[in-house]
Trainee: 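Have a look at this one before I ask anything.
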Amino acid sequence: MSVDTIAINRQRGAFEEQASFWLFGYGSLLYKAGFPYLECRPATIRGWSRRFWQGSHDHRGTPDAPGRVATLVEEAGAVCTGMAYRVTPEVLEPLDVREKNGYLRFTTTLTFTDGGTDQGLVYIATEDNDAFLGPAPALDMAQHIARSAGPSGPNRDYLVGVAAALERLGAEDTHVATLMQALQEVEAGPETQRAGRLPARPGTA
Ligand code: SIN
């Protein structure tokens with residue numbers, strides 16, 4: 001599938017006819033809305049796990065040196081915490097542009113932390129998009145994130161922004177916590193890595 005998903009998303013439709021609808025954010029949309037919204041509520045979605053497995057050619061990297069950002073992967077029983085924004089259809093066009101690097105619109109059920117459920121829209125970069133990177137050892141991913149940057153800024157700020165937003169929500173995410181620990185080791189320098197606070201091949205996270 002082409003990296004640029006704008007045309008595909010316009011055809012997917014779904015929420016255009018509604019006066020307002022819920023958008024679920026789990027990556028940059030979790031910590032930096034950047035669009036007008038009517039209200040926001042912490043929420044979870046089931047069956048999806050947040051993973052830094054998507055390449056970023058346009059925000060936290062470049063086509064020649066993509067960064068590594070969040071997408072969702074299917075995992076039975078998983079619960080992903082994020083932020084739900086109630087938005088009007090006018091935000092769809094700029095959102096499709098912002099999420100054009102491989103992300104497709106999906107409809108899913110949101111469970112609000114303060115009670116209730118509703119249908120909502122979520123942008124997911126599936127593994128068949130050309131920018132998908134997939135899993136790698138945590139230390140490799142952290143090194144990749146530490147050295148990458150793009151028009152939206154350093155890649156490490158994206159990871160730190162997601163981690164800080166999850167902390168504010170009181171949400172646990174083992175994958176993000178593992179990457180944050182690995183990033184701290186990388187940024188502390190090679191001496192710290194050699195000291196063995198991280199296993200040499202910590203497995204995928
Ligand atoms: C999201 O945040 O919900 C989608 C991925 C991103 O923009 O980082």
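In this chain, residues are counted from 1 in sequence order. Each ligand, and each atom within it, is numbered from 1 in the order the structure gives.
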Trainee: Quick one: ring pair (Phe, Tyr, Trp, His ring centres under 6.0 Å) pairs with a partner in residues 120-149, sequence neighbours left out?
Mentor: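 Ring pair (Phe, Tyr, Trp, His ring centres under 6.0 Å) check on residues 120-149 returns no pairs.
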
Trainee: If only atom types and distance count, is the side chain of D96 paired as donor or acceptor with the main-chain N or O of I6 below 3.5 Å?
Mentor: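 Checking the backbone N and O of I6 against the side chain of D96, no donor-acceptor pair under 3.5 Å is found.
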
Trainee: To which protein heavy atom is atom 3 (O) of ligand 1 closest, and what is the distance rounded to 0.1 Å?
Mentor: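 Among all protein heavy atoms, the one nearest atom 3 (O) of ligand 1 is Y26 N, 3.0 Å.
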
Trainee: Short N/O distance, under 3.5 Å, between Y123 and ligand 1?
Mentor: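 No - when backbone and side-chain N and O of Y123 are compared with those of ligand 1, no distance drops under 3.5 Å.
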
Trainee: According to ring pair (Phe, Tyr, Trp, His ring centres under 6.0 Å), does anything in residues 6-27 pair up with another residue at least two apart or in another chain? List the pairs.
Mentor: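 Listed by first then second residue: F15-F21, W22-F112.
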
Trainee: Report yes if some heavy atom in the side chain of L121 is under 4.5 Å from a heavy atom in the side chain of L92; otherwise report no.
Mentor: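 Yes, their side chains come closer than 4.5 Å.
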
Trainee: Short list, please: which atoms of ligand 1 are under 4.0 Å from a heavy atom of Y158?
Mentor: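 Contacts of ligand 1 toward Y158, numbered from 1: 6 (C), 8 (O).
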
Trainee: Among all protein heavy atoms, pick out the one at the shortest distance from atom 1 (C) of ligand 1; state its residue, atom name and that distance to 0.1 Å.
Mentor: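 Protein heavy atom at minimum distance: G27 N, 3.4 Å.
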
Trainee: Please list, in number order, the atoms of ligand 1 under 4.0 Å from a heavy atom of G25.
Mentor: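 The atoms of ligand 1 under 4.0 Å from a heavy atom of G25 are 3 (O).
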
Trainee: Please check whether R98 reaches ligand 1 - meaning an N/O of the residue sits under 3.5 Å from an N/O of the ligand, judged on distance alone.
Mentor: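 There is no such contact.
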
Trainee: Can you tell me if R46 uses its side chain to pair, donor with acceptor, with the backbone of T109 under 3.5 Å?
Mentor: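 Absent.
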
Trainee: For Y103, take its heavy atoms, then give the atoms of ligand 1 lying under 4.0 Å from any of them.
Mentor: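 Contacts of ligand 1 toward Y103, numbered from 1: 5 (C).
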
Trainee: Has the side chain of H59 got a donor or acceptor atom that lies under 3.5 Å from a matching backbone atom of G67?
Mentor: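 The answer is no, because no donor-acceptor pair under 3.5 Å joins these two groups.
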
Trainee: Closer than 4.0 Å to some heavy atom of L29 - which atoms of ligand 1 meet that?
Mentor: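 Going through ligand 1 atom by atom, the ones under 4.0 Å from L29 are 1 (C), 2 (O), 3 (O).
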
